[in-house]
Amino acid sequence: MKRDFITEYDLTTKEMAGIFRLTAELKKSKSRFSNHLKNKTVGLVFQKPSLRTRVSFEVGIRQLGGNCIYLGPDEINLGKRESTADVAQVLSRYLDVIVARVFSHQDVVGLAKHATIPVINGLCDLYHPCQAMTDVYSVLEKFGTLKNKTLAYIGDGNNVCHSLMLVCAKMGLNMTIATPVNYEPNEEILETARQLAHETGVSISVSHDPKRAVEGAHVIYSDVWVSMGQEDETQKRLKDFEGFQINGDLTSRANRNYIFMHCLPAHRGQEVTADVIDSKHSIIFDQAENRLHVQKAILMFLLDQKTKVKIRTKK
Ligand code: CP
Ligand code: NVA
């Protein structure tokens with residue numbers, strides 16, 4: 001049966017841990033598994049701009065010996081020129097995997113429902129699962145463990161926040177979230193994340209107090225205040241997010257060895273000051289690099305489920 005990666009619900013904790021182990025191995029050598037996607041073609045269906053997601057997938061697919069085709073916003077016009085169901089079925093006859101970046105979560109769900117090949121969510125309005133997998137992998141890589149660590153997410157309760165809540169809950173990383181009023185994470189996703197967190201023995205708290213959220217935190221995480229597609233709300237958002245900037249005053253409350261993370265693109269002077277994002281605490285470029293390694297592991301995992309070939313990683 002084909003497997004998709006639309007949200008974090010699609011992977012068990014054990015599978016996530018396996019993907020992290022494979023990631024570490026892929027990171028050691030670019031040429032490892034260089035024939036794994038031989039004769040395979042991955043389509044990148046993107047309705048929004050991208051630097052990291054597009055380039056890291058394209059490079060990763062090539063490093064695994066596969067081909068890729070980028071299909072930008074003007075090429076497919078998903079749901080407008082042609083229905084999502086028809087697009088999914090036609091692409092399934094040519095391709096081996098679809099990576100989709102869409103506006104509405106329902107579009108990527110629709111692609112997965114009608115495609116006979118694996119579909120990977122490369123960001124939608126509700127989730128950014130490849131990003132969150134990479135982020136938690138990066139925390140594990142930096143600290144060697146997630147045990148008794150806390151990630152403070154300050155800002156918008158958006159797609160990145162939702163996916164982080166789910167991966168943190170499944171992998172056992174505490175999370176403290178601080179958002180302005182009316183920008184809290186989606187209640188249903190929060191409830192699910194809290195149930196998952198209960199199973200792994202960690203907690204997810206949500207408040208409107210960034211100072212309390214960063215108290216003793218090992219990771220401070222920030223995302224833009226205006227996500228793609230929300231440009232019309234820019235003026236209101238910049239006002240509503242005042243007081244949620246990550247700056248020296250806020251970071252002084254964190255653990256002294258804290259790391260700063262941001263999915264990027266970043267706006268210095270808005271959600272974070274330059275002295276924080278460009279400081280020695282910041283791991284933003286390691287984090288960006290890890291998108292490549294984690295996504296290679298995700299691609300291998302999904303394709304191997306389909307062909308039932310077992311990936312053997314060295315212990
Ligand atoms: N972080 C991230 O997904 O970046 P892009 O929007 O550039 O792909
Ligand atoms: N929340 C941001 C993430 C960008 C990678 C957005 O959706 O635009």
Side-chain angles (χ1 to χ4, degrees), residues 5-8 42-61 68 70-73 98-108 120-139 151 153-167 175 177-180 182-186 189 219 221-234 236-238 240-241 244-246 260-268 270-272 277 282-296 298-299:
F5 187 42
I6 303 303
T7 71
E8 293 72 9
V42 181
L44 306 179
V45 177
F46 277 38
Q47 292 187 312
K48 295 177 179 175
S50 169
L51 170 69
R52 280 144 292 271
T53 308
R54 178 179 175 180
V55 179
S56 57
F57 264 111
E58 288 205 13
V59 171
I61 290 158
C68 51
Y70 175 76
L71 298 155
I98 296 170
V99 179
R101 168 166 285 201
V102 298
F103 283 94
S104 162
H105 179 58
Q106 285 318 313
D107 285 343
V108 72
I120 298 175
N121 184 353
L123 181 144
C124 65
D125 55 348
L126 285 182
Y127 302 94
H128 196 0
C130 296
Q131 180 68 55
M133 283 288 283
T134 303
D135 297 337
V136 175
Y137 175 81
S138 304
V139 175
L151 181 150
Y153 177 95
I154 311 298
D156 193 8
N158 61 12
N159 46 7
V160 169
C161 178
H162 294 155
S163 280
L164 268 173
M165 291 192 313
L166 292 167
V167 184
M175 201 169 164
I177 300 166
T179 73
N182 294 330
Y183 294 94
E184 299 85 2
N186 174 295
I189 302 174
V219 184
Y221 197 109
S222 147
D223 184 14
V224 289
W225 291 342
V226 183
S227 284
M228 290 179 276
Q230 298 172 335
E231 290 77 8
D232 290 352
E233 300 170 28
T234 302
K236 177 169 167 42
R237 281 177 168 264
L238 293 189
D240 292 347
F241 281 84
F244 285 79
Q245 182 186 66
I246 298 177
F260 174 78
M261 298 179 73
H262 193 306
C263 57
L264 303 178
H267 298 99
R268 286 167 177 76
Q270 284 186 21
E271 72 272 10
V272 59
I277 196 169
S282 175
I283 65 153
I284 54 169
F285 299 120
D286 292 333
Q287 187 187 350
E289 178 191 327
N290 283 339
R291 293 288 303 273
L292 170 70
H293 310 299
V294 170
Q295 288 162 188
K296 282 169 78 176
I298 292 171
L299 279 166

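Please read these numbers as outputs of a predicted model, since none were measured by experiment. Atoms within a ligand are numbered from 1 in the order they appear, just like the ligands themselves. All residue numbers refer to positions in the sequence shown, counting from 1.
Of all the heavy atoms of D156, none lies under 4.0 Å from any atom of ligand 2, so neither backbone nor side chain is involved. When non-hydrogen atoms are compared, ligand 2 lies under 4.0 Å from neither the backbone nor the side chain of T53.
When every heavy atom of P265 is checked against every heavy atom of E271, the shortest pair comes out as O-OE2, 4.4 Å.
Qualifying salt bridge (charged side-chain N to carboxylate O under 4.0 Å, His left out) partners for D156, counting only residues two or more places apart in sequence or in other chains: R237. Judged as a salt bridge (charged side-chain N to carboxylate O under 4.0 Å, His left out), and not counting sequence neighbours, the contacts of K236 are D240.
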Checking side-chain contact (heavy atoms from CB on, under 4.5 Å) for the pair I6/Y127: CA distance, chi angles, key distance, verdict? CA-CA 8 Å; I6 303 303; Y127 302 94; over 6 Å; no
Walk me through whether N159 and D223 qualify under side-chain contact (heavy atoms from CB on, under 4.5 Å). CA-CA 10 Å; N159 46 7; D223 184 14; 4.3 Å; yes
Could you give me the CA-CA distance, side-chain angles and deciding distance for V167 and D135, then say whether side-chain contact (heavy atoms from CB on, under 4.5 Å) is met? CA-CA 9 Å; V167 184; D135 297 337; over 6 Å; no
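With hydrogens left out, the protein atom closest to atom 2 (C) of ligand 2 is S227 OG, 3.3 Å, a heavy atom. What sits closest to atom 8 (O) of ligand 2 on the protein, heavy atoms only, is M228 N, 2.8 Å. Here the protein heavy atom with the shortest distance to atom 7 (O) of ligand 2 is N159 ND2, 2.8 Å. When hydrogens are left out, the protein atom nearest atom 5 (C) of ligand 2 is L264 O, 3.7 Å; that is the closest non-hydrogen contact.
Checking L123, L51, V224, V226 against atom 4 (C) of ligand 2, the nearest heavy atom belongs to L123.
Listed by number with element, the atoms of ligand 2 under 4.0 Å from a non-hydrogen atom of D223 are 1 (N), 2 (C), 3 (C). The ligand atoms of ligand 2 that sit less than 4.0 angstrom from a heavy atom of N158 are 1 (N).
With respect to T53, the side chain to side chain donor-acceptor pair (under 3.5 Å) criterion is satisfied by exactly one of R101, Q131, Q295: R101.
One distance of note links NE2 of H105 with SG of C124; it measures 5.5 Å at 0.5 Å rounding.
Within the structure, salt bridge (charged side-chain N to carboxylate O under 4.0 Å, His left out) pairs that include any residue of residues 282-294 comprise K142-D286 (at least two apart or interchain).
Protein residues are said to neighbour a ligand when one of their heavy atoms lies under 4.0 Å from it; for ligand 1 these are S50, L51, R52, T53, R101, H128, Q131, C263, L264, R291.
Cation-pi contact between R54 and F46: absent, since separation from the ring centre below 6.0 Å together with deviation from the ring axis within 45° is not met.
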